[in-house]
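Structure, as structure tokens:
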Amino acid sequence: MDWLGLLQIDAVNVVARSHLLVLRARLGGSGDTALGLLEQAAYPRQPERRELTEYWGHEASFVQVRDWPLYRWRMRRGAEGEMWSGYARFGRDERARINEATAWLANNGPASSSELDAALGWGPGVRGPWGTRSNGKMALAWLFWVGHVGVAARVGFTRRYDLIERVLPDDVLATEVDEPDAHRALLRQAARCLGVATAHDLIDYHRLPKRIARARLRELTDDGALCEATVEGWDVPAYVPADVRLARKRSRSVLLSPFDPLVWHRPRTERLFGFHYRIEIYTPKAKRRFGYFVLPFLHDDQLVARLDLRLDRAAGRLEVPAAWSEPETWPQSGTAAEAEALEALATELRSLAAWCGAADVNVVGHGDLADRLRTAQATRP
């Protein structure tokens, strides 16, 4: 995880969970292997064996256990009410429920929110913009934000929480890091993971407070930990780690999760690749431009195409409802370079299907690349 720092968790499971797709892009293997390795790192029974844990990093994330103290500033701020408004309101108005939840976990944990609701006989909960959240869910979410509980395990995709002292090792819990030092450490980590990035890119990686983080960046450049750089075509300064090394290998030809760190900050994606990217899951179907769950295709150090994908689990088939080339980066039609790109994309689709446990790929949809990709798939052995 040193090469990522953290791994964003997302519930969308159209092809596979986003965090598993991020791991696949870097590790390969099979989907079952990726899930097994992740569960082994994040949810062992003994806290001393845990390498990853869940917390709010770049949204809900897996973070390295040793980095958990770097987020204590967010926990302290959360305890003071600096969190999502619904949780903050619950933390202010429902102290009795929070104390009751903590005591129940201490005596009985771990538990999911539904298990806690049932055990304590709590009612339907709090209504908000995303529907009704149960009292158990709100209490555990507040306790999680402020660092009093952690995720001990998941059953399916359901979190089971326990007191933080039963989730993380004692030496991690005993480590205190003040806010300025934590911000500097997280910015250094973001710079190492991104390689070259603007201030906005670095701040977004761990969702740091913007004004304060900019002051920390100045301190890191003054100390020589980061160096300012000029990137051709960028209209703002960039930063690189002082010990940065240039990559010598070309990128893999691989489909990327919408929440992969390479593309999750859309302004950086556009600056690096000229690739305008918006996820359209929440866009009404009639207004979608490219599709419901669209993955960028990285090939020869460029984002050259985007594919709408869906795993038909019942049929054991990876469906491609739409395939689009990128006008500025897709190789010229009829050239050897285009044939190579099509072959790479067809191979990647077969690989992704196998990784998901599917036996076939079916290019069923539209898009300017669909016919060519369908032909490339059909001519593969």
Side-chain angles (χ1 to χ4, degrees), residues 1-10 17-27 29 33-78 144-154 159-195 197 201-208 213 216 220 225-226 241 243-244 257 259-262 264-265:
M1 279 286 287
D2 283 344
W3 29 271
L4 283 176
L6 49 70
L7 186 62
Q8 182 178 342
I9 304 168
D10 192 83
R17 303 290 185 193
S18 173
H19 42 282
L20 297 178
L21 291 173
V22 174
L23 294 177
R24 175 190 174 268
R26 289 155 176 81
L27 300 177
T33 298
L35 179 59
L37 289 172
L38 185 59
E39 290 182 341
Q40 181 180 335
Y43 309 119
R45 290 181 179 273
Q46 297 85 6
E48 295 75 20
R49 294 178 55 196
R50 186 169 275 118
E51 299 174 50
L52 303 177
T53 193
E54 297 189 34
Y55 191 63
W56 291 107
H58 185 96
E59 302 296 338
S61 302
F62 291 105
V63 303
Q64 296 178 98
V65 164
R66 67 171 181 262
D67 289 341
W68 186 86
L70 299 179
Y71 297 96
R72 283 191 182 276
W73 62 273
R74 182 165 285 153
M75 299 169 200
R76 288 189 288 264
R77 289 185 176 211
F144 177 69
W145 196 303
V146 303
H148 293 175
V149 303
V151 180
R154 281 185 183 257
R159 288 169 166 169
R160 303 195 79 232
Y161 296 87
D162 204 351
L163 299 183
I164 195 66
E165 54 265 32
R166 297 203 288 245
V167 173
L168 297 182
D170 292 341
D171 60 329
V172 171
L173 295 175
T175 301
E176 292 287 344
V177 183
D178 67 20
E179 186 164 316
D181 284 343
H183 289 169
R184 282 188 288 265
L186 292 171
L187 287 167
R188 285 196 304 270
Q189 183 184 92
R192 185 175 67 252
C193 295
L194 291 175
D201 301 337
L202 297 174
I203 292 167
D204 177 76
Y205 206 83
H206 293 281
R207 299 289 167 87
L208 301 178
R216 302 289 85 82
L220 288 170
L226 298 181
D243 58 351
V244 67
S257 160
F259 306 105
D260 191 292
L262 188 62
W264 68 20
H265 189 46

- Once you round to the nearest 0.5 Å, how far does CG of L262 lie from SG of C193? 12.0 Å
- Message: If we ignore hydrogens and angles and just use 3.5 Å, is the side chain of S257 paired with the main-chain N or O of F259 as donor and acceptor?
- Response: yes
- Query: Say you draw a straight line from CG of D201 to NE2 of H265; how long is it, rounded to the nearest 0.5 Å?
  - Reply: 4.5 Å
- Taking side chain as C-beta onward, heavy atoms only, is V151 less than 4.5 Å from Y43? yes
- Query: Sequence neighbours excluded, which residues qualify as ring-ring contact (aromatic ring centres under 6.0 Å, His included) partners of W145?
  - Reply: W56, W84
- Item | Nearest-0.5 Å distance that lies between atom CD in Q189 and atom CG in L194 | 10.0 Å
- Message: Going by salt bridge (Lys or Arg N to Asp or Glu O under 4.0 Å), name the pairs with one or both residues in residues 58-69, residues two or more places apart or in two chains.
- Response: D2-R66, E59-R207
- Message: For a quick test of reading the model, state the closest non-hydrogen atom pair linking L226 to A191 and the distance between them.
- Response: CD2-CB, 3.6 Å
- Task: State, to 0.1 Å, how close P69 and V172 come at their nearest heavy-atom pair, and which atoms those are.
- Result: CG-O, 3.5 Å
- Item | pair P180-R216: side-chain heavy atoms closer than 4.5 Å | yes
- Message: If the condition is side chain to side chain contact (heavy atoms under 4.5 Å, CB included), which residues does D170 pass it with, not counting sequence neighbours?
- Response: none
- Which residues satisfy the side chain to side chain contact (heavy atoms under 4.5 Å, CB included) test with P261, sequence neighbours excluded? L4, V22, R26, Y205, W264
- Item | Donor-acceptor pair, side chain of R72 and main chain of T175, under 3.5 angstrom | yes
- Message: Quick check: closest heavy atoms across P169 and V65, and the distance to 0.1 Å?
- Response: CD-CG1, 4.0 Å
- Query: Any side-chain heavy-atom pair from Y71 and H206 closer than 4.5 angstrom?
  - Reply: yes
- CG (L52) and CG (L6) are apart, to the nearest 0.5 Å, by 10.5 Å
- Item | Shortest non-hydrogen contact between A42 and F62, atoms and distance | CB-CE2, 3.9 Å
- Return each pair, listed once, that meets salt bridge (Lys or Arg N to Asp or Glu O under 4.0 Å) where at least one residue sits in residues 34-56; pairs must be two or more places apart or across chains. E54-R154, E54-R159
- Item | With A34 via side chain to side chain contact (heavy atoms under 4.5 Å, CB included) - residues at least two apart | L20, W355
- About how many Å separate OG1 of T53 and CG of L168, when rounded to the nearest 0.5 Å? 4.5 Å
- Message: As an exercise, state the distance from OG1 of T33 to CG of L27, rounded to the nearest 0.5 Å.
- Response: 10.5 Å
- Would you check if W73 and V177 make a side-chain contact, meaning some heavy-atom pair closer than 4.5 Å? no
- side chain to side chain donor-acceptor pair (under 3.5 Å) with E179: which of R77, R74, R76? R77
- Item | Closest approach of G195 to P241 (non-hydrogen atoms, all atoms of both residues) | O-CD, 3.4 Å
- Query: At their closest point, which heavy atom of S61 faces which heavy atom of I9, and how far apart are they?
  - Reply: C-CD1, 3.6 Å
